[in-house]
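Encoded as structure tokens, the structure appears first; notes follow it.
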Amino acid sequence: MNKLVVNGVALEVQAIAGSKMLAPLVFLHEGLGSVAMWRDWPTALCRATGRAGWVYSRRGYGQSDAVPDVRSTGRLQPDYLHHEAWAVLPALLAQRGVEKPILIGHSDGASIALLHASRHACTACVAMAPHVVVEPISIRAIAVVRDTWLQSDDGGKLREGLARHHVDPDGAFWQWNDVWLSQGFASFDIRGDCARITCPLLALQGTDDAYGTMAQIDEIAQRVPHAATVKLAACGHSPHKDQAAVVTAVLAGFVGGLA
């Protein structure tokens, strides 16, 4: 495990070997994700595209620095995705000498990718199961996860699973769950930001996604006319896990067609 200090915070970072002549892939994880929780899919995609890759865990996730008092003074603010996209990610890319990455984001990470691409130069952006606006289905699903966590004192099997990937599983869980169920986050809406994206853009979503409807990528397509969208049948919230071979092939084709 390697760590990189970004804005005073030690972040877990994984480098994947590949061509130094091509823009690298930068992977941005979901709300409860981390470097480890991507499993071997980033490596497989880098091999399929011939490109290098960077994977990192956001603060409070994986082996990155924890967030003190995550349920009080350390609670994430409603603009936490904006902060990651416009403050943390640019600083990390600058340290790695990456000027125009290809962003590969999932869920929260997809929203971060879209926000970053709305302000910064990118070779391309891929958003898997993105959130561009808060939907009732998302809040209901996240509330169910909270209730499952609270069914036992330590979160039961859910906490046990997170503990295998996060140095602070409780912090990882609550920083995500609390902000999503907060009143302030209910007005989250980045559709206007998406309209400013000029780089090639691909948005994918599963038809059986429990955390969002097809309206998410339809809204992107409406505001970014050059965006390509893919709706995956019999696929849930994690396309790269539910249909790994199909998604890898789609992304490899998209990346291979870039100038």
Could you give the distance from [atom1] ([X]) to [atom2] ([Y]), rounded to the nearest 0.5 Å?
{"X": "Arg71", "Y": "Leu76", "atom1": "CZ", "atom2": "CG", "answer": "12.0 Å"}
{"X": "Arg164", "Y": "Met37", "atom1": "CZ", "atom2": "CE", "answer": "9.0 Å"}
{"X": "Leu4", "Y": "Ser64", "atom1": "CG", "atom2": "OG", "answer": "10.0 Å"}
{"X": "Cys125", "Y": "Leu202", "atom1": "SG", "atom2": "CG", "answer": "9.0 Å"}
{"X": "Ile217", "Y": "Gln222", "atom1": "CD1", "atom2": "CD", "answer": "13.0 Å"}
{"X": "Arg223", "Y": "Asp193", "atom1": "CZ", "atom2": "CG", "answer": "11.0 Å"}

[Y] side chain reached by [X] side chain, heavy atoms, under 4.5 Å:
{"X": "Pro42", "Y": "Trp54", "result": "no"}
{"X": "Glu12", "Y": "Asn2", "result": "no"}
{"X": "Ile220", "Y": "Leu201", "result": "yes"}
{"X": "Asp79", "Y": "Phe188", "result": "no"}
{"X": "Pro68", "Y": "Thr73", "result": "no"}
{"X": "Phe173", "Y": "Leu158", "result": "yes"}
{"X": "Gln243", "Y": "Cys235", "result": "yes"}
{"X": "Arg159", "Y": "Pro169", "result": "yes"}

Do the side chains of [X] and [Y] join up, straight or via other hydrophobic residues, at under 4.5 Å, putting them in one cluster?
{"X": "Val13", "Y": "Leu103", "value": "yes"}
{"X": "Leu28", "Y": "Val179", "value": "yes"}
{"X": "Leu162", "Y": "Leu150", "value": "yes"}
{"X": "Leu11", "Y": "Ile112", "value": "yes"}
{"X": "Leu251", "Y": "Ile102", "value": "yes"}

Check [X] against [Y] and note the closest heavy-atom contact, atom names and distance.
{"X": "Leu258", "Y": "Ala124", "answer": "CD1-CB, 3.7 Å"}
{"X": "Cys194", "Y": "Val132", "answer": "SG-CG1, 4.0 Å"}
{"X": "Ala121", "Y": "Pro101", "answer": "O-CD, 3.8 Å"}
{"X": "Pro130", "Y": "Leu204", "answer": "CD-O, 3.8 Å"}
{"X": "Val70", "Y": "Gln175", "answer": "CG2-CB, 3.2 Å"}
{"X": "Val67", "Y": "Gly60", "answer": "CG2-CA, 4.0 Å"}

Checklist entry - Under 6.0 Å from the CZ atom of Arg47, do we count more than 12 heavy atoms belonging to anything else shown? => result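 No, because the 6.0 Å sphere around CZ of Arg47 holds 12 heavy atoms or fewer from other groups.
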
Item to check | Heavy-atom neighbours of Arg39 CZ exceed 12 at 6.0 Å | outcome: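 Atom CZ in Arg39 is not packed in, count stays at 12 or less.
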
Check for a donor-acceptor pair, side chain of [X] on one end and backbone N or O of [Y] on the other, with a separation under 3.5 Å.
{"X": "Tyr61", "Y": "Gly31", "value": "yes"}
{"X": "Lys3", "Y": "Gln63", "value": "yes"}
{"X": "Ser34", "Y": "Ser57", "value": "no"}
{"X": "Asp242", "Y": "Ala244", "value": "no"}
{"X": "Thr49", "Y": "Leu45", "value": "yes"}
{"X": "His166", "Y": "Gly62", "value": "yes"}
{"X": "Ser238", "Y": "Lys241", "value": "no"}

Next on the checklist: Applying side chain to side chain donor-acceptor pair (under 3.5 Å) as the test, list every pair that has at least one member in residues 127-143; sequence neighbours left out.
Outcome noted: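 Residue pairs with at least one partner in residues 127-143: Ser107-His131, Glu135-Thr213, Glu135-Gln216.
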
Checklist entry - With sequence neighbours left out, which residue pairs that include part of residues 245-259 fulfil the side chain to side chain donor-acceptor pair (under 3.5 Å) condition? => result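 Sorted pair list: Trp41-Thr248.
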
Item to check | Short N-O contact, Asp209 and Lys231, less than 4.0 angstrom | outcome: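 Not counted as a salt bridge, because no side-chain N and carboxylate O are separated by less than 4.0 Å.
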
Checklist entry - Between Arg75 and Asp178, is there a side-chain N and carboxylate O pair less than 4.0 Å apart? => result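 Salt bridge present between Arg75 and Asp178.
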
Under 3.5 Å, which donor-acceptor pairs link side chains of residues 81-99 to any protein atom two or more places apart or in another chain?
unit_1, atom_1, unit_2, atom_2, d
Glu84, OE2, Tyr56, OH, 2.8
Trp86, NE1, Leu115, O, 2.8
Gln95, NE2, Val5, O, 2.7

Checklist entry - In terms of the angle between their ring planes, are Phe27 and Trp38 parallel, tilted or perpendicular, with boundaries placed at 30° and 60°? => result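 Phe27 vs Trp38 ring planes: perpendicular.
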
Next on the checklist: Is it the case that the side chains of Trp180 and Tyr80 hold a donor-acceptor pair, with the cut-off being a distance below 3.5 Å and no angle test?
Outcome noted: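 The criterion, which ignores hydrogens and geometry beyond distance, is satisfied for Trp180 and Tyr80.
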
Next on the checklist: I want to know whether His106 and His29 have ring centres closer than 6.0 Å.
Outcome noted: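 No.
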
Checklist entry - Going through the checks in order, is the side-chain contact (heavy atoms from CB on, under 4.5 Å) test met by Arg58 and Asp108? => result CA-CA 11 Å; Arg58 300 196 298 275; Asp108 274 21; 3.8 Å; yes

Checklist entry - Hey, mind stepping through Gln205 and Met128 against side-chain contact (heavy atoms from CB on, under 4.5 Å) and telling me if it holds? => result CA-CA 6 Å; Gln205 189 163 1; Met128 300 187 296; over 6 Å; no

Next on the checklist: Test side-chain contact (heavy atoms from CB on, under 4.5 Å) on Val134 and Ile139; report intermediate values, then the result.
Outcome noted: CA-CA 8 Å; Val134 175; Ile139 300 304; 3.7 Å; yes

Next on the checklist: Checking Ile142 against Trp176 for the side-chain contact (heavy atoms from CB on, under 4.5 Å) test, could you report, in this order, the C-alpha distance in whole Å, the side-chain angles of both residues, the deciding distance, and whether it holds?
Outcome noted: CA-CA 9 Å; Ile142 292 171; Trp176 163 75; 3.6 Å; yes

